[in-house]
Amino acid sequence: MAQVMRTDTAGGLFASDGKPHPLQDALMAVTLVLGITSFITAMFHHLHLLSSWTGLLGIVAGAYGLWVSVTTRERFGLIVGMGAAGVGLLLGMAHGGLFGGVID
């Protein structure tokens with residue numbers, strides 16, 4: 001009896017197509033680093049410049065990464081990084097913004 005050969009889909013969400021994607025992987029890593037940095041620094045009011053700029057850059061890098069992404073693994077990392085960057089950006093904006101203005 002002939003059986004249909006299926007590729008190994010173990011890993012589910014993090015499954016890859018088996019091909020290298022250096023640009024997409026680099027964008028995912030940059031987005032995650034910027035997002036985590038923005039999220040953590042947003043918890044400190046005096047770091048609002050760092051938080052807001054890394055958040056903005058994380059969203060831009062993540063958006064481009066989503067545009068060129070190929071696999072679900074890449075998209076998952078990009079969405080997590082963009083979410084953290086978005087929270088960091090918004091909190092950074094609430095604490096003083098991109099250019100250091102203080103809201104009283």
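Computed from a predicted structure; not experimentally measured.
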Does [X] share a hydrophobic cluster with [Y], counting links as ILVMFWY side-chain heavy atoms below 4.5 Å and allowing steps through other members?
X	Y	value
F99	L56	yes
L98	I59	yes
L27	V60	no
F76	M28	yes
V30	L23	no

Taking side chain as C-beta onward, heavy atoms only, is [X] less than 4.5 Å from [Y]?
X	Y	value
L66	I79	yes
L89	M93	yes
L78	S69	yes

Inset, instruction - Starting at CD of Q24, measure out to NZ of K19 and round the result to the nearest 0.5 Å. - result: 12.0 Å

Inset, instruction - Check for a donor-acceptor pair, side chain of S38 on one end and backbone N or O of S51 on the other, with a separation under 3.5 Å. - result: yes

Legend entry - Donor-acceptor contact present, side-chain T31 to main-chain M82, <3.5 Å: no

Inset, instruction - Evaluate the ring planes of H95 and H45, with Trp represented by its six-membered ring, and classify them as parallel (under 30°), tilted (30 to 60°) or perpendicular (over 60°). - result: parallel

Legend entry - Closest non-hydrogen atom pair between L91 and M43, with its separation: CD1-CE, 4.5 Å

Inset, instruction - Indicate the atoms forming the closest heavy-atom contact of L34 with T54, along with that distance. - result: CB-O, 3.8 Å

Legend entry - Electrostatic pair R73-D17, nearest N-O below 4.0 angstrom: no

